[in-house]
Participant: 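Below is a structure I'd like to ask you about.
A quick note: this is a predicted structure, and the numbers were derived from the prediction, not measured.
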Amino acid sequence: MIKRLLAVFGLVELLVPRRFIEFWEGYALENPEDCSLKRWVIPVARLEGLLFLAVLAKPRAFSGPIRAALGWYGLMAALSPDGYLEYWTPLIYEDGRPEWKPWVVPATRVIGVCYVVLALFGWPSKNDTRRD
C-alpha cells in the first residue's frame, strides 16, 4: 500500500512538479502567496519524482551515493528540523520568508527519521531474500 502511495507521489511530482509543490505549500505555509520558488526547484522536484519511481521499480539499484545522501539529509532533518528548514528555505525561495505552520517542524523530523531508516536498511523487494 505504501509503495503504491509513493509511486503516485513520484508520478505526480514527475509530471506536474509545480502543481505538486503548490498543493503542499498550501498546507505547510501560512503565507504561500508571499513566496516564490527559485528556478532550479521545479527541475529538481521532477528529478526527485523520477528517483522515487526508479527506487520503487528497482530497489537494489538504491545504493551508493544516493543512499548515503538520503541518509545524511535524513539525519540532518531528524536531529535539527528547525536548522534543516532554516538552511533550505533561502535556497528554495526567491523572496519573502515562508511562515511554516506549526506541524511542519515535527513532520520534518519524522520524514528525516524515515529517510535514515531507509538509508540504513533499504527497501527489500518481495523477490529478494538477500539483505542490503
Participant: Tell me which pairs pass salt bridge (charged side-chain N to carboxylate O under 4.0 Å, His left out) where either residue lies in residues 71-83, with sequence neighbours left out.
Facilitator: none
Participant: Is a side-chain N or O of Asn31 found less than 3.5 angstrom from the main chain of Arg97, in a donor-acceptor match?
Facilitator: yes
Participant: Side-chain contact test, heavy atoms from C-beta onward, threshold under 4.5 Å: evaluate it for Glu48 versus Glu13 and give yes or no.
Facilitator: yes
Participant: Give a yes or no answer on whether the side chain of Thr89 reaches the backbone of Leu85 with a donor-acceptor pair at less than 3.5 Å.
Facilitator: yes
Participant: Working to the nearest 0.5 Å, report the span between CG of Leu29 and CD of Glu99.
Facilitator: 9.0 Å
Participant: For Ser36, which residues count as a side chain to side chain donor-acceptor pair (under 3.5 Å) partner, sequence neighbours excluded?
Facilitator: Asp95
Participant: Side chains of Trp88 and Tyr93, heavy atoms from C-beta outward: is any pair under 4.5 Å?
Facilitator: no
Participant: Does the distance from a Lys or Arg side-chain N to an Asp or Glu carboxylate O, for Arg19 and Glu25, drop under 4.0 Å?
Facilitator: no
Participant: Taking the inter-plane angle between the rings of Phe23 and Tyr27 on a 0 to 90° scale, is it parallel (under 30°), tilted (30 to 60°) or perpendicular (over 60°)?
Facilitator: perpendicular
Participant: Can you find a heavy atom in the side chain of Tyr115 that is under 4.5 Å from one in the side chain of Trp72?
Facilitator: no
Participant: So does Glu86 have more than 12 non-hydrogen atoms from other groups sitting under 6.0 Å from CD?
Facilitator: no
Participant: Would you be so kind as to tabulate the donor-acceptor pairs closer than 3.5 Å made by side chains of residues 104-112, with sequence neighbours excluded?
Facilitator:
from, atom 1, to, atom 2, distance (Å)
Thr108, OG1, Val104, O, 2.7
Arg109, NH1, Ala78, O, 2.6

Participant: So, taking the atom named CD1 in Ile42 and the one named CG in Leu47, what distance separates them when rounded to the nearest 0.5 Å?
Facilitator: 13.0 Å
Participant: Return yes if some donor-acceptor pair links the side-chain N/O of Lys58 with the main-chain N/O of Leu53 below 3.5 Å, else return no.
Facilitator: no
Participant: Let me know which of Leu75, Val55, Leu120, Leu118 forms a side-chain contact (heavy atoms from CB on, under 4.5 Å) with Leu70.
Facilitator: Leu118
Participant: Can you see which heavy atom on Lys38 is nearest to which on Glu94, and at what distance?
Facilitator: CG-OE2, 3.4 Å
